[in-house]
A.B. asks: 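Take a look at this one; I'll ask things after.
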Number of protein chains: 2
Amino acid sequence: MPKRADAQRNEKALLDAAAAAFVESGVDAPVRDIAARAGVGVGTIYRHFPTRSDLIAAVFRHQVEACAEAGPALLKSNDSPHAALAAWIDLFVDFLVTKHGLPEALHEQGLHAYFVERLVPVCGQLLGAAWNAGEITATVEPIGLLRGVGNLCIGAGRDDGYDARQMVGFLIEGLRAPAGSR
Amino acid sequence: MPKRADAQRNEKALLDAAAAAFVESGVDAPVRDIAARAGVGVGTIYRHFPTRSDLIAAVFRHQVEACAEAGPALLKSNDSPHAALAAWIDLFVDFLVTKHGLPEALHEQGLHAYFVERLVPVCGQLLGAAWNAGEITATVEPIGLLRGVGNLCIGAGRDDGYDARQMVGFLIEGLRAPAGSR
DNA sequence: CCACGATACGGAACAATGTTCCGTTTGCCA
DNA sequence: TGGCAAACGGAACATTGTTCCGTATCGTGG
């Protein structure tokens, strides 16, 4: 049976309010603020999203999806698999650095599971292709690489002297270094 | 004028208690737990260490100091400045990965300031030497590199599939990549 | 059109945590 | 030993995520 009309309305209002709050105050925006913005009580949030992480995941689902789907496409449109991997990671970084607080939130239980489930297979495919092409000789777990990149994005966009994109660039470039030099 | 005897005693008890709590529960150990361990009230903690970050900094001061002092020595004992840098970063990583929660805490205001103040100059010296030797061609801010390494250490030592040391290895190796390939 | 049961809602209440405040206790010196 | 500055303890406050339950609302069967 379909949800009640008010429930559907509230869910959408919550997603909109959360998105707005995340833009304005970062992903750490307090649950109460989001509830107030949506004009509902906190209980309503928790009925729709059992955990703050679930709400965050729901808000960003579309963008994560888009990122995941871009993987195979990049593999086709790039001559070198390593270049495709670099381009894909770039997309991931673009996504992360524009969401204040998301990279740090990525360590929360539920959110972490969601990102891993959706993105690790894609990363694995790109990494595997680069390995097969001989562009990478080290044994790297897809999940390890993604977590590394996610971690490097922590604190990006505070315009102090930290350039997450540059650091990710080094990391990806380092993957290519010949085994002998490591 | 020297501190009162009980104050001195309590400060030492607090440092010991905090160190023990950090080993057992990580750097996130609640202030109340530390106070209880030391047999003092929370007010006493705040009189000695205005902020939790100050307490953390105090507990690890010796190790940070040792790390900082190792920099110039490594520069002398290594043929290549890049190798010295790698060795020094290794020391830093060793320090971080053995302290549950420290890398994430590194973003707290006071703690961050302390680490930056003490370690950035050392990192800058190693980085400068590698640059002068032509082993690094990119322009990298010492603070950026340190933050990157610190970030990569987040979540290390939970023995899930994340190998912070490996990621840091890639990052440092990536510094060396010729400018044309970036 | 209305009553009624299932569904959903609101927000008070709880737990955990960092931090502040202030009445009380204690060390030290004259 | 008396007194006071220094230090103490822990209750109290603010901020969070989360849970709970009495109340309001929706939608359907009559």
Side-chain angles (χ1 to χ4, degrees), chain A residues 1-18 21-22 24-59 100-102 104-114, chain B residues 1-18 21-22 24-59 100-102 104-114:
Chain A
M1 66 227 136
K3 269 183 194 154
R4 251 169 60 170
D6 56 347
Q8 285 179 285
R9 231 181 308 126
N10 279 331
E11 179 162 333
K12 181 168 185 335
L14 275 171
L15 285 172
D16 290 349
F22 291 169
E24 197 171 300
S25 327
V27 168
D28 297 322
V31 173
R32 283 165 181 71
D33 290 1
I34 298 170
R37 256 179 209 264
V40 305
V42 287
T44 299
I45 287 200
Y46 280 92
R47 207 163 314 101
H48 289 280
F49 309 98
T51 261
R52 242 188 85 260
S53 293
D54 293 309
L55 176 58
I56 298 174
V59 167
H100 292 182
L102 182 55
E104 24 282 84
L106 238 35
H107 290 93
E108 286 170 24
Q109 187 57 233
L111 201 54
H112 184 259
Y114 169 63
Chain B
M1 65 228 133
K3 271 184 192 151
R4 252 168 58 167
D6 55 347
Q8 285 180 287
R9 232 180 308 124
N10 280 331
E11 179 162 334
K12 181 168 185 333
L14 275 171
L15 286 171
D16 290 349
F22 291 169
E24 197 172 301
S25 325
V27 167
D28 298 321
V31 173
R32 282 165 182 71
D33 290 1
I34 298 170
R37 258 180 208 264
V40 305
V42 286
T44 300
I45 287 200
Y46 282 90
R47 207 161 316 100
H48 288 280
F49 309 99
T51 262
R52 242 188 84 256
S53 294
D54 294 310
L55 176 57
I56 299 175
V59 167
H100 292 183
L102 181 55
E104 23 283 80
L106 237 34
H107 291 93
E108 286 170 24
Q109 189 57 233
L111 200 54
H112 183 259
Y114 169 63

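So you know, we letter chains A, B, ... as the sequences are listed, proteins then strands, and number each from 1.
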A.B. asks: Once salt bridge (Lys or Arg N to Asp or Glu O under 4.0 Å) is applied, what residue pairs with a partner in residues 105-114 of chain A remain, sequence neighbours excluded?
C.D. replies: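 Of all non-adjacent pairs touching residues 105-114 of chain A, those that pass salt bridge (Lys or Arg N to Asp or Glu O under 4.0 Å) are A/Arg52-A/Glu108.
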A.B. asks: How far does the helix from C/dC1-D/dG30 to C/dA30-D/dT1 bend, going by the axes of its first and last five pairs, to the nearest 10°?
C.D. replies: 20°
A.B. asks: To the nearest Å, give me how far apart CZ (A/Arg9) and C1' (D/dA24) are.
C.D. replies: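 For the pair A/Arg9 CZ and D/dA24 C1', the rounded distance is 13 Å.
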A.B. asks: Please name the pair of heavy atoms, one in A/Ile34 and one in A/Ala29, separated by the smallest distance, quoted to 0.1 Å.
C.D. replies: CD1-O, 3.9 Å
A.B. asks: So where does chain B start and stop touching DNA chain C, 5' to 3', when the test is distance under 4.0 Å to a non-hydrogen atom?
C.D. replies: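 So the contact region on DNA chain C extends C/dT17 to C/dC28.
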A.B. asks: Residues in side-chain hydrogen bond (donor to acceptor under 3.5 Å, both in side chains) with A/His48, at least two apart?
C.D. replies: A/Glu11
A.B. asks: Taking only residues two or more places apart in sequence or in another chain, which ones pass side-chain contact (heavy atoms from CB on, under 4.5 Å) with B/Ala58?
C.D. replies: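 For B/Ala58 the side-chain contact (heavy atoms from CB on, under 4.5 Å) partners, ignoring immediate neighbours, are B/Leu15, B/Phe49, B/Arg61.
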A.B. asks: Which residues pass the side-chain contact (heavy atoms from CB on, under 4.5 Å) test with A/Ala35, not counting sequence neighbours?
C.D. replies: A/Val40, A/Val42, A/Ile45
A.B. asks: OP1 or OP2 of D/dA7 versus the side-chain N and O atoms of B/His48: is any pair under 4.0 Å?
C.D. replies: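 For D/dA7, OP1/OP2 do not have a side-chain N/O of B/His48 under 4.0 Å.
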A.B. asks: Going by the rule salt bridge (charged side-chain N to carboxylate O under 4.0 Å, His left out), which residues pair with A/Arg4 if we only count those two or more places apart in sequence or in a different chain?
C.D. replies: A/Asp6
A.B. asks: Got a sec, which pairs hit side chain to side chain donor-acceptor pair (under 3.5 Å) with one end in residues 27-46 of chain A, sequence neighbours left out?
C.D. replies: A/Glu24-A/Arg37
A.B. asks: Check this one for me: any side-chain N or O of B/Thr44 less than 4.0 Å away from OP1 or OP2 of D/dG9?
C.D. replies: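 B/Thr44 to D/dG9 OP1/OP2: side-chain N or O found under 4.0 Å.
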A.B. asks: Sequence neighbours excluded, which residues qualify as side-chain contact (heavy atoms from CB on, under 4.5 Å) partners of A/Thr51?
C.D. replies: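 A/Thr51 satisfies side-chain contact (heavy atoms from CB on, under 4.5 Å) with A/Ser53, A/Asp54 once adjacent residues are dropped.
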A.B. asks: Taking only nitrogen or oxygen atoms into account, show me every contact under 3.5 Å that the protein makes with nucleotides 14-16 of chain D, one pair per line with its distance.
C.D. replies:
none

A.B. asks: Round to the nearest Å and state the distance from A/Gln8 atom CD to D/dT25 atom C1'.
C.D. replies: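 From A/Gln8 CD to D/dT25 C1': 15 Å.
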A.B. asks: Would you please name every residue forming a side-chain contact (heavy atoms from CB on, under 4.5 Å) with B/Asp16, sequence neighbours left out?
C.D. replies: B/Lys12
A.B. asks: Would you kindly compare B/Gly41 and A/Ser53 by the position of their nearest DNA chain D nucleotide and give the one closer to the 5′ end?
C.D. replies: B/Gly41
A.B. asks: Quick one: CG on B/Asn10 to CD on B/Gln8, what's the gap to the nearest 0.5 Å?
C.D. replies: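 Reported value, rounded in 0.5 Å steps: 10.5 Å.
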A.B. asks: So which heavy atom on A/Leu14 is nearest to which on A/Ala38, and how close?
C.D. replies: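 Scanning both residues completely, I find the closest heavy atoms to be CD2-CB, 3.8 Å.
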A.B. asks: Show the distances under 3.5 angstrom between N or O atoms of the protein and N or O atoms of nucleotides 27-30 of chain D.
C.D. replies:
from: D/dG27; atom 1: OP1; to: A/Ala5; atom 2: N; distance (Å): 2.9

A.B. asks: Using heavy atoms to find the nearest nucleotide of DNA chain C for B/Pro2 and B/Arg47 separately, return the residue whose nucleotide is more 5′.
C.D. replies: B/Arg47
A.B. asks: Nearest whole Å is fine: how far is D/dA7 P from B/Phe49 CZ?
C.D. replies: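 Distance, rounded to whole Å: 13 Å.
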A.B. asks: Tell me which one of A/Ile56, A/Leu55, A/Val59, A/Leu111 satisfies side chain to side chain contact (heavy atoms under 4.5 Å, CB included) with A/Val27.
C.D. replies: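 Option passing the side chain to side chain contact (heavy atoms under 4.5 Å, CB included) with A/Val27: A/Ile56.
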